[in-house]
Number of protein chains: 2
Amino acid sequence: MSETCKSCGHSLCARRVPIFSHLDGEQLETVVSLIRRKHFDKRETLFFEGGVLQGLMIINRGKAKAYRHTADGKEQILHLFFPGDFFGEKSLFVDKKTEYNVAAIEPVDLCMISRKDFQRLMKDYPHINQKIMEELVSRIDHLESMIENLGAKSVDARIQSLLLELGQKALKQEKLEDGMEFVLPLSREGLANYIGVTRETVSRKLSALQEEGIIEMTGNKKIRVLDVDRLERT
Amino acid sequence: MSETCKSCGHSLCARRVPIFSHLDGEQLETVVSLIRRKHFDKRETLFFEGGVLQGLMIINRGKAKAYRHTADGKEQILHLFFPGDFFGEKSLFVDKKTEYNVAAIEPVDLCMISRKDFQRLMKDYPHINQKIMEELVSRIDHLESMIENLGAKSVDARIQSLLLELGQKALKQEKLEDGMEFVLPLSREGLANYIGVTRETVSRKLSALQEEGIIEMTGNKKIRVLDVDRLERT
DNA sequence: CGCGGTCTTGATGGTTATCAAGAAACGTGG
DNA sequence: CCACGTTTCTTGATAACCATCAAGACCGCG
């Protein structure tokens, strides 16, 4: 966990984040000057449940999961954060505890902007406010879809939604050649904790999809979706 | 579905809504002048999935549910709206379809403020902006809790959370005497569609809780929680 | 008071969690 | 680069739990 991230260029950090994408060069410089960076190894915890985040945290590189533990020890993943995603937005508006843990599922470079600095940014560049709102709204959309999946869909359908979601996210990150192929960001257990089943069930369902010729797995993490239509026909 | 709601006083409508609670009398008058009212009978649909809401919709009286139907016809309830709650906030920030239906589960008086008018309000009274943000954040919190319930908790635990949630909401609405007693806002089927089980299961679990002496049911809708601690020990 | 809708309860079956063991993948150090 | 040890993954057997199907009871409303 080094204090600074040497590998990421300054401007890159802010430029690839959607909420700053409309700023011009000079404005971006201002933003960049406010950013502190921090590196986390895989499996390191970025933040613990119950703590108060002191600002906006932006994933610059790597991926992270936000999750909770139930009373009986089960893990439920609430969000997957990819490069460009942020968390800690709650602390910008209300003085409340964060109710989930965030852990790196890949080595992560984190960009941090303090609450105070970010509030000034929002005042100086009001459009950022709008961007944050949009992000909150789309996060609500996503959470609502998760609820529909968990509450009303069969396990088969949940696995299919999961593969489509991860495939699309991967597609957005690195431009892919045709025939959706991507690397799973989570272990079987991670996938299971995202869709509310056990790792054994994930294993069995993926094997079944492979036998039906809908997907093809190479190694444990690489997946190629052969029949996207079949997945979408949920 | 009459065009105006005669029974609700003008100022009441805006005053009881948290997002306007900080405004003074004159400002409230302005808000009130922008409001259009509409009444819906029980079971009427306030809005259909796929439509674009044209402004902010505030429940002034009654209760409503927001829900989706899965491909195979199952209903999943996403939100319960009580008096003072609002929906349609998405339309204020982005031009996107609403992805759920909203239906009255009691006769509802609805206050509507058009997108354009509300955006002017936000400009004139910037604090409203902050209030909306706070509401979005707390809605995210609630959705995350639902996900934890649906994905990682046993059905018993989900029923218990449900009763606590409904009890607390009822407590907030009408001040209750001690010994949490309240009227269920939903049928067994409604409860079931909220926590992702079948109505038969809800029936059985409630009966079990009664036999254990944790709750007491009178009629189909009235519930008294005798042992709140046992419910909280999830 | 009687009817329609809602609710409860029982019997059964399907689906997934759990327990268990072996196989594959991965990382490490020689 | 290979061998080893560890972690992760797969697969099977079993059991628990809930959905489903079905019938009768209760409730609430006209």
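Protein chains get the first letters and strands the later ones, always in sequence-line order, with residue 1 at the start of each. As the structure is a computational prediction, the values presented were derived from the model and not from experiment.
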Report summary line: Result for 5'-nearest mapping on DNA chain C, choosing between Arg43(B) and Ser154(A), is Arg43(B)
Test of understanding: with side chain to side chain contact (heavy atoms under 4.5 Å, CB included), list the residues that count as partners of [X], not counting sequence neighbours.
X: Ser91(A); answer: Leu53(A)
X: Arg43(B); answer: none
X: Glu232(B); answer: Leu164(B), Val228(B), Asp229(B)
X: Gln54(A); answer: none

**Report entry** Within-4.5 Å side-chain heavy-atom neighbours: Asn60(A) and Leu110(A)
**Finding:** no
Report task. Using atom types as modelled and distance alone, determine if a side-chain donor or acceptor of Ser161(A) lies under 3.5 Å from a backbone N or O of Ala157(A). Result -> yes
Query raised in the report: Does any N or O in the side chain of Arg68(A) come within less than 3.5 Å of the main-chain N or O of Glu99(A), such that one atom is a donor and the other an acceptor?
Result: yes
Report task. Residues of residues 192-209 of chain B with any non-hydrogen atom less than 4.0 angstrom from an atom of DNA chain C: list those, numerically ordered, please. Result -> Glu200(B), Ser203(B), Arg204(B), Ser207(B)
Report task. Could you check which residues of residues 67-78 of chain B get a heavy atom under 4.0 Å from DNA chain C? Sort them by number, please. Result -> none
Report summary line: Taking five pairs at each terminus, the helix from dC1(C)-dG30(D) to dG30(C)-dC1(D) shows an axis bend, to 10°, of 50°
Query raised in the report: According to the side-chain hydrogen bond (donor to acceptor under 3.5 Å, both in side chains) rule, which pairs have a member within residues 72-90 of chain B, sequence neighbours left out?
Result: Asp141(A)-Lys90(B), Glu144(A)-His79(B), Lys65(B)-Glu75(B), Thr70(B)-Asp72(B), Glu89(B)-Arg139(B)
May I have the distance from [X] (atom [atom1]) to [N] (atom [atom2]), rounded to whole angstrom?
X: Ile159(B); N: dT8(C); atom1: CD1; atom2: C1'; value: 14 Å
X: Ile215(B); N: dT8(C); atom1: CD1; atom2: C1'; value: 14 Å
X: Lys153(A); N: dC18(D); atom1: NZ; atom2: P; value: 22 Å
X: Lys222(A); N: dC9(D); atom1: NZ; atom2: P; value: 16 Å

Report task. Check salt bridge (charged side-chain N to carboxylate O under 4.0 Å, His left out) between Lys153(B) and all other residues, then give those that pass, not counting sequence neighbours. Result -> none
Query raised in the report: Mind checking what makes salt bridge (charged side-chain N to carboxylate O under 4.0 Å, His left out) contact with Glu134(A), not counting sequence neighbours?
Result: none
Report task. Quick one: label Arg158(A) by what it contacts on the DNA or RNA (base, sugar-phosphate, nothing), any heavy atom closer than 4.0 Å. Result -> nothing
Query raised in the report: Taking NZ, NE, NH1 and NH2 as the nitrogens, is one of them in Arg188(A) or Glu200(A) under 4.0 Å from a carboxylate oxygen of the other?
Result: no
Query - Electrostatic pair Asp156(B)-Lys205(B), nearest N-O below 4.0 angstrom - result: yes
Query raised in the report: Among pairs that include at least one residue of residues 51-76 of chain A, which meet ring-ring contact (aromatic ring centres under 6.0 Å, His included), considering only residues two or more places apart or in two chains?
Result: Tyr67(A)-His69(A)
Report summary line: Going 5' to 3' through nucleotides 25-30 of chain D and flagging B where a protein heavy-atom sits under 4.0 Å of the base, S where only the sugar-phosphate is that close, and - otherwise, we get --S---
